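We count ligands from 1, going down the list as the structure has it; atoms in each ligand are counted the same way. Source: prediction; values computed, not measured. Residue numbers start at 1 and run along the sequence shown.
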Amino acid sequence: MLFYDLGLSNKVTETIAEIGYTEPTPIQISAIPDILKGRDVLGIAQTGTGKTASFTLPLLTKLETGRARARMPRSLILCPTRELAAQVFENFKKYGKRQKLSVALLIGGVAFKDQERILDRGADVLIATPGRLMDHFERGKLMLTRVEYFVIDEADRMLDMGFIPDIEKISKLIPFTRQTLLFSATMPKEIEILADKFLQNPVRVEVVGESATASTIDQKIIYAPSGHKEKRMCLRDILNALPIKNGIIFANRKKDVEILLKSLTVHKFSIGALHGDMAQSARMETLSNFKQNKIQLLVASDVAARGLDIPDVSHVINYDLPIVAEDYVHRVGRTGRAGRSGNAISMVTFDDIKQLKTIENVIKNEIEWAGEKPSDDDFEVSSKLKRRSAKNKHRGPSKYKASTNRREKPAEKAAPLTKTNTVSKPVAATRKHTADIIAFGKNDHIPDFLLRSCALSKTS
Ligand code: AMP
């Protein structure tokens, strides 16, 4: 199948050829003809599948005829985050270079006045985050009564971020006769309900199994200690051991993103950060530096990183397992994009085992351990130890701490590791467990896996 066969306009097809895409991806083959026919589409596709072009290319074709009026956009694309909206904007610019369409971007962190000027000129394509769109609407600077094409991108992320009520409000402001396209990487029940409500007789286009991760991604999990310092050391071991061209490290909390940025900078890693509290200009600058390979690593929170198109990230590292299991799919989808190979490694503490199982249920796959898998007994024992530790803390200083004198020497630095492509058994070497765990009674068993480094094996 060629782009030429999909029914796209000559201008679009020529631009695609110039960019160098030789064949449409499966989502493009499935969605483009139906979008061109005017059908509503429910697209279930993970990031990296060519999803953005699957709606951008037919919309550009359709918008070639007709003109926009001041403050009355002809099409509206809603995205959950500023970065994702900016990326869709870039896609419209890139694919639409032969059309004279006006494309406007409404995101937070940019002056209202500048955005109003663009709206006043009339927008064929309006790309927005829900909050900023509603702000403009409420200021009377925007009317949605001439929107012919309505796209909701990353719907499941909109759900996570609490945007569904905004989307419901926005959809009521758009004529019922519009064509609606809804894209989501996963299909939780809430999104099914939303799709029923917003789409009329849609074509359902599903490219990969729901919530699946691309088969080109080599996924591994590695045991990591729970203590903050030890866990950061473990991360450094991983970074030093792997042949990382460029990578994204995910942490769950903004505070941890900041801490990791500082810590890894001190340890001379080339790194930038991306989280929701940063100024828009700083986020854009970091992203641009990362895309241009001026920095090798990006430490990011989910919201900031969702949907970012960075074509060739070699590694994704989950410093924390995501709290929402479906986010695992999105995080891992940052690598192995558009058929390339990729690597994802997740650090798993014994507190994470339940969440790991949930993630494995979502992706319908067991993730392989990099190195020796701690046994279920190990985890059972360590959970007990942890419960008892908490109890002892509650009671005050442990008598064992005073009497057993078993405090460990400060953790030794793990032996430098040779960079290797394969992740195999860890060396049972350095002791890196916390004083809390050591503080149990003389006869308490400490499982072996708690006493070993999380480091990857040294291979020559
Ligand atoms: P997306 O899933 O929309 O984030 O796209 C992922 C990446 O695939 C982007 O870098 C696109 O530029 C690229 N891409 C989209 N369609 C094609 C295609 N047909 N052939 C090659 N690359 C593509």
Worksheet item: Evaluating non-hydrogen atoms only, which member of F183, F55, Y21, F3 is closest to atom 17 (C) of ligand 1?
Response: Y21
Item to complete: Indicate yes or no: does an N/O atom of Q28 lie under 3.5 Å from an N/O atom of ligand 1?
Response: yes
Fill in: Backbone or side-chain N or O of Q87 under 3.5 Å from ligand 1 N or O
no
Worksheet item: In Å, rounded to the nearest 0.5 Å, how long is the span from CD1 of I217 to NE2 of H315?
Response: 12.0 Å
Taking distance alone, no hydrogens or angles, what donor-acceptor pairs closer than 3.5 Å link side-chain atoms of residues 60-67 to residues at least two apart or in another chain?
{"unit_1": "T61", "atom_1": "OG1", "unit_2": "S9", "atom_2": "N", "d": "3.3"}
{"unit_1": "T61", "atom_1": "OG1", "unit_2": "L57", "atom_2": "O", "d": "3.1"}
{"unit_1": "K62", "atom_1": "NZ", "unit_2": "I35", "atom_2": "O", "d": "3.4"}
{"unit_1": "K62", "atom_1": "NZ", "unit_2": "Q179", "atom_2": "OE1", "d": "3.0"}
{"unit_1": "E64", "atom_1": "OE2", "unit_2": "S9", "atom_2": "OG", "d": "2.6"}
{"unit_1": "E64", "atom_1": "OE2", "unit_2": "Q99", "atom_2": "NE2", "d": "2.7"}

Discussion item. Below a 4.0 angstrom heavy-atom separation, can you tell me which part of K94, side chain or backbone, both or neither, approaches ligand 1?
Written reply: side chain
Practice prompt. Could you name each residue pair satisfying ring-ring contact (aromatic ring centres under 6.0 Å, His included) that touches residues 133-174, not counting sequence neighbours?
Written response: F112-H136
Fill in: Basic-acidic side-chain contact under 4.0 Å: E14, K11
no
Practice prompt. Please determine, by modelled atom types, if T349 and D352 share a side-chain donor-acceptor pair under 3.5 angstrom.
Written response: yes
For ligand 1, which atoms, with element, lie under 4.0 Å from some heavy atom of [X]?
| X | value |
| --- | --- |
| E23 | 18 (C), 19 (N), 20 (N) |
| T52 | 1 (P), 3 (O), 4 (O) |
| Y95 | 12 (O) |

Worksheet item: Between R157 and D327, which heavy-atom pair has the shortest distance, and what is it?
Response: NH1-OD1, 2.8 Å
